[in-house]
There are 4 protein chains.
Amino acid sequence: MSQAHEKPKPRGRPPSPAARRKALAAAQELLMAEGLGRLSIEAVANRSGVGKPTIYRHWANASELAMEALMVGFPAMGSTARPGLEAALEAQIATLTRAFATTRGRQIAMALATADPESEFTRAFRNRVILSSREAGRVLIGAAAEAGEIAQPQDIEVVLDMIYAPLLYRLLAGHQPLDEALAPALAAGALRLLAPSR
Amino acid sequence: MSQAHEKPKPRGRPPSPAARRKALAAAQELLMAEGLGRLSIEAVANRSGVGKPTIYRHWANASELAMEALMVGFPAMGSTARPGLEAALEAQIATLTRAFATTRGRQIAMALATADPESEFTRAFRNRVILSSREAGRVLIGAAAEAGEIAQPQDIEVVLDMIYAPLLYRLLAGHQPLDEALAPALAAGALRLLAPSR
Amino acid sequence: MSQAHEKPKPRGRPPSPAARRKALAAAQELLMAEGLGRLSIEAVANRSGVGKPTIYRHWANASELAMEALMVGFPAMGSTARPGLEAALEAQIATLTRAFATTRGRQIAMALATADPESEFTRAFRNRVILSSREAGRVLIGAAAEAGEIAQPQDIEVVLDMIYAPLLYRLLAGHQPLDEALAPALAAGALRLLAPSR
Amino acid sequence: MSQAHEKPKPRGRPPSPAARRKALAAAQELLMAEGLGRLSIEAVANRSGVGKPTIYRHWANASELAMEALMVGFPAMGSTARPGLEAALEAQIATLTRAFATTRGRQIAMALATADPESEFTRAFRNRVILSSREAGRVLIGAAAEAGEIAQPQDIEVVLDMIYAPLLYRLLAGHQPLDEALAPALAAGALRLLAPSR
DNA sequence: CATTAATCGAGACGGTACGTCGGGTCTTTAC
DNA sequence: GTAAAGACCCGACGTACCGTCTCGATTAATG
């Protein structure tokens, strides 16, 4: 019968989802306990009981494994349905600030900076942890413009950068805290940027 | 009175400036040729002819050495005396953009993210390559407010972050280029932020 | 019952005999060319192409590696079947003298003195290169006593020491040569020691 | 003739005997506390407060310093005036045995084996700690022969070796203890070696 | 008594080697 | 035929000492 054999008939032992899961769990524990710098494939293999070659079958290097571990549990940027652009932005940025103002926040920044910028995996990571908030912001602003709350901005990309960049900036430069005062200030700034010109 | 015997009179052979210089030069060459990830103390020692222990006498680890090498030749943020706040900001940001839109730019971001955030050395590095531009901006804005060109802003810290953060953000997230269009757009955005409220 | 499942069936890749062999060969070459003092693990790794960690998996330190290299090719003290105790002893001591009167002889003495005296490896080395001749002598003397050629000596341990110790002594003290005249003189001395009391 | 101005009139500050003394004392303490393997010039300099270059002015390397430290306090082989050759030999060997049956004994053997055999310093060390006993034995035997107690032996060098070598041999091979039973047994053996032939 | 010269301590220098960690690959046995 | 276990080669780590070399500070004999 020829309707089948499209699938090349996987022979032998199938890849174990358990191994992947255990390695990932061990990676997360190590991130908590030791930090990103100590997250070696070796250490994950030892802690998880998963063999090193198996880990390499799932991730190309320690950086990818770290990125995947860091993504797990990171807040997805769903639209925080709040009335009014400023309030909506503020709520979203506040969530983001809380997520970044942790050890994990620094680790995300470090992973981002360290990772091969060309890799597909890195691209996915950036989209997930950095750019998704920016896209959510774009939706909010689009809706507000649609509703006539604000004018359609010309330089939307730069506006989005100005709103969302300060988080990463403060995280890396450390000159100012990532605290609760930041979200309302950024939301207010956003409104000024988007205000109709006089 | 404190005019005397503050220095404890250094005994023994003084550290050789030549060794420091040679190691630093080799580090810079390696950064160019191989990238930050390949900058090992071992490689610097081999290339420079300086002994490994000597290198460790000057820098605590490869990260510090890399930061010092990356700082050399980085543009100092002197006041770009241009008439008008917007033009001055634009000129400064353009300089900064050119400095970051290179391999060295990524390396700086990577070094910043990787370095021990508590270290004194890291603090100096952050001040030099990230925050000095921010401080220059603060001066420009202060002068413009003094001159009555703009109102004295309330949230100056957040304003500064919104102006200078996008550079690092684009560098790390890679969603938009670090090109010549960025500086005028950011300068224009800054002006909107600083415009007197209606 | 001890007939079965004593071996726990080793899993994983077995140690490569080739690596062990190559390291040992390089060690021997270095002993010849440079001397015991220059036999570093580093040098063996470089010359043999075997990784340092692999060498450490096989030998605890440079001293053990040196001892094993020195043992290879050292003459085993088989019974030199010659008629007459004196002739047999003389033949055996002559062989031994030739073996020690070389660069390797000094290296053996040095290794012996330097090695951790408690280590199991050291014990094996001592048995192989120093004490095996002594035991061969014990057999010769026992046979001669059996045959009535000599009386059964009381202080056999001290007698054996007096016969075999001078080799090492001359090697280390260097006051007299390790030459062909030594073997007959020691054999004659042994006979006097073993002669029936008057 | 030139009986004067042989000394080139040492100008400047003369070498300080105190520095030499302090370094030697520190070396001995380190030998006791840490062992010969840990006796580094560095450690001696730190412990004694004497500068490294000063130490190198007095000894060519760590080995020489160790040898000098090991010589201090080692029993000089004066003639142990006891009536009868056997008793005299036994007394002398017993003293020697006690001196070698210590940690210092092993260290002496190790230093002897490790040291450059050609160096003048090594020669002096060997004479002092190894060969002086042998020479004392030669004197005792000569006197006994003179007194008619024994015959003048032909192979006096080999006889001396057979008497004194077992100490070093047991020390290095470790197959038999260096205990009080050894001295009388060796003295008795010596007598058999020296007995007039039948 | 000032000069002068060698030694002193301290400590940095270029090196070699240490013993360990981790990387990524490869080879075995077990499931 | 994949999984685990684990050895392989390799590169780098950070440290200990090596023996040499400046340094500023002492210390005697010389002038």
Side-chain angles (χ1 to χ4, degrees), chain A residues 10-16 18-19 22 38-46 48-57 60-62, chain B residues 9-20 22-23 38-46 48-58 60-62, chain C residues 9-20 22 38-46 48-58 60-62, chain D residues 9-16 18-20 22 38-46 48-58 60-62:
Chain A
R11 302 224 311 176
R13 179 172 175 173
S16 138
K22 284 194 292 183
R38 312 291 303 227
L39 182 72
S40 62
I41 299 284
E42 196 92 25
V44 170
N46 285 343
S48 66
V50 171
K52 270 205 292 178
T54 301
I55 298 176
Y56 280 107
R57 250 171 243 125
N61 47 53
Chain B
K9 294 174 187 173
R11 304 232 303 178
R13 176 176 177 172
S16 141
R20 194 175 210 288
K22 283 193 291 182
R38 311 292 299 255
L39 183 73
S40 62
I41 298 286
E42 196 92 25
V44 171
N46 286 342
S48 67
V50 170
K52 252 200 306 177
T54 298
I55 297 176
Y56 280 106
R57 258 173 232 125
H58 287 281
N61 46 54
Chain C
K9 295 170 186 174
R11 305 229 305 180
R13 178 177 178 171
S16 141
R20 192 174 212 287
K22 284 194 289 183
R38 310 292 300 256
L39 182 73
S40 61
I41 298 284
E42 196 92 25
V44 171
N46 285 343
S48 66
V50 171
K52 257 202 299 179
T54 299
I55 297 176
Y56 280 106
R57 255 174 237 124
H58 288 282
N61 46 54
Chain D
K9 298 174 185 174
R11 303 227 312 177
R13 178 178 178 171
S16 139
R20 190 175 212 289
K22 283 194 291 182
R38 312 292 304 234
L39 182 72
S40 62
I41 299 285
E42 198 92 24
V44 170
N46 285 343
S48 65
V50 171
K52 271 205 292 178
T54 301
I55 298 176
Y56 280 106
R57 255 173 236 125
H58 288 284
N61 47 53

Next on the checklist: Among F/dG14, F/dC17, E/dG23, which nucleotide has an atom closest to any side-chain atom of B/Ile41?
Outcome noted: F/dG14

Checklist entry - Between C/Ile41 and C/Asn61, what is the shortest heavy-atom contact and its length? => result CD1-C, 4.2 Å

Item to check | Distance-minimising heavy-atom pair for A/Lys52 and A/Ala45 | outcome: CG-CB, 3.8 Å

Checklist entry - Looking at residues at least two apart in the chain, or sitting in another chain, which of them share a side-chain contact (heavy atoms from CB on, under 4.5 Å) with C/Ala19? => result C/Ser16, C/Val50, C/Thr54

Item to check | DNA chain E: 5'-proximal contact among A/Ala62 and C/Asn61 (nearest heavy atom) | outcome: C/Asn61

Checklist entry - For B/Glu42 and E/dG14, what is the distance between atoms CD and C1' respectively, to the nearest whole Å? => result 14 Å

Could you list all N or O pairs between the protein and nucleotides 9-13 of chain E that sit under 3.5 Å apart?
{"from": "E/dG9", "atom 1": "OP2", "to": "D/Gly51", "atom 2": "N", "distance (Å)": "3.0"}
{"from": "E/dG9", "atom 1": "OP2", "to": "D/Thr54", "atom 2": "OG1", "distance (Å)": "2.9"}
{"from": "E/dG9", "atom 1": "O3'", "to": "D/Gly49", "atom 2": "O", "distance (Å)": "3.0"}
{"from": "E/dA12", "atom 1": "O4'", "to": "B/Arg13", "atom 2": "O", "distance (Å)": "3.2"}
{"from": "E/dC13", "atom 1": "OP1", "to": "B/Ser16", "atom 2": "N", "distance (Å)": "3.1"}
{"from": "E/dC13", "atom 1": "OP1", "to": "B/His58", "atom 2": "NE2", "distance (Å)": "3.4"}
{"from": "E/dC13", "atom 1": "OP2", "to": "B/Arg57", "atom 2": "NH1", "distance (Å)": "3.1"}

Item to check | Whichever of B/Ala18 and C/Tyr56 has its nearest DNA chain E nucleotide further upstream toward 5' | outcome: B/Ala18

Checklist entry - What is the distance, rounded to the nearest whole Å, between atom CZ of B/Arg38 and atom P of F/dC10? => result 15 Å

Next on the checklist: Are C/Arg20 and C/Pro15 packed together at the side-chain level, in the sense that at least one heavy-atom pair is separated by less than 4.5 angstrom?
Outcome noted: no

